[in-house]
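Lettering follows sequence order; numbering is per chain, from 1.
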Amino acid sequence: QQKVQQSPESLIVPEGGMASLNCTSSDRNVDYFWWYRQHSGKSPKMLMSIFSNGEKEEGRFTVHLNKASLHTSLHIRDSQPSDSALYLCAAPMNYNQGKLIFGQGTKLSIKP
Amino acid sequence: GALVYQYPRRTICKSGTSMRMECQAVGFQATSVAWYRQSPQKTFELIALSTVNSAIKYEQNFTQEKFPISHPNLSFSSMTVLNAYLEDRGLYLCGVRLGGAETLYFGSGTRLTVL
């Protein structure tokens with residue numbers, strides 16, 4: 001069964017620091033991902049997506065994708081307390097069937 | 001911008017009873033709706049994918065008999081949790097897809113508490 005694995009399970013970063021989150025798919029047909037952010041008590045909101053090998057930057061957020069290793073990472077620089085949330089990585093399930101499966105998430109806490 | 005309304009936001013039901021939740025897309029056509037459950041342990045499970053004019057596809061461990069879904073048009077979908085028990089507790093999310101794009105946009109979720 002296809003899986004999306006995220007690490008670490010939880011992460012504490014001081015305010016202003018860099019947070020790095022990882023995600024890997026077990027399905028070799030999957031080579032693109034989404035990152036969602038879910039604040040406590042809220043629903044997930046799409047943060048960034050990446051479809052091409054390499055790097056994509058939006059403000060303080062940078063996403064890397066390595067298709068060969070089926071690995072993506074999300075990096076948050078100059079972390080703010082408002083970045084504290086559950087970060088979910090998603091990948092398409094069984095290519096072209098229109099389903100997304102999610103990893104278990106990384107709980108990020110930014111300490112002032 | 002695209003909006004996805006989901007209601008109720010919270011619901012409490014007695015063990016063995018049923019509850020219905022609804023998902024409304026505003027401002028766009030929702031070609032498909034995916035229903036997910038996020039359990040108290042924070043696992044994120046796909047329940048079913050519903051595409052207008054196609055059969056609803058349920059994932060392993062989820063059945064139509066337990067989670068019947070209605071998707072009558074491009075702006076509305078509903079799901080019922082029948083005979084809810086403690087293991088059905090969690091946050092139920094509808095994720096909507098716009099046109100041919102694969103990105104899912106989630107509603108606010110329905111948090112189900114079972115007593």
Does the side chain of [X] come under 3.5 Å of the side chain of [Y] through a donor N or O and an acceptor N or O?
X	Y	answer
B/Gln6	B/Gln24	no
B/His71	B/Ser77	no
B/Thr31	B/Arg97	no
A/Ser73	A/His71	no

Give, as side chain, backbone, both or neither, the part of [X] having an atom under 4.5 angstrom from any heavy atom of chain A.
X	value
B/Leu104	both
B/Glu59	side chain
B/Thr103	both

If you measure from the Lys or Arg side-chain nitrogens to the Asp or Glu carboxylate oxygens, is any gap between B/Arg20 and B/Glu22 under 4.0 Å?
yes
Should A/Lys3 and A/Asp27 count as an ion pair when the cut-off is N to O under 4.0 Å?
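No, A/Lys3 and A/Asp27 are not salt-bridged.
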Within residues 44-59 of chain A, which residues come under 4.5 Å of chain B, heavy atom to heavy atom?
A/Pro44, A/Met46
Highest number of heavy-atom pairs under 4.5 Å with chain A: which of B/Ser108, B/Gly95, B/Ala34?
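Among the listed options, the one with the most contacts to chain A is B/Ser108.
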To the nearest 0.5 Å, what is the distance between CZ (A/Phe61) and CZ (A/Arg37)?
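The CZ atom of A/Phe61 sits 4.5 Å away from the CZ atom of A/Arg37.
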A/Lys67 atom NZ, neighbour heavy-atom count above 12 within 6.0 Å:
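Count over threshold, so yes.
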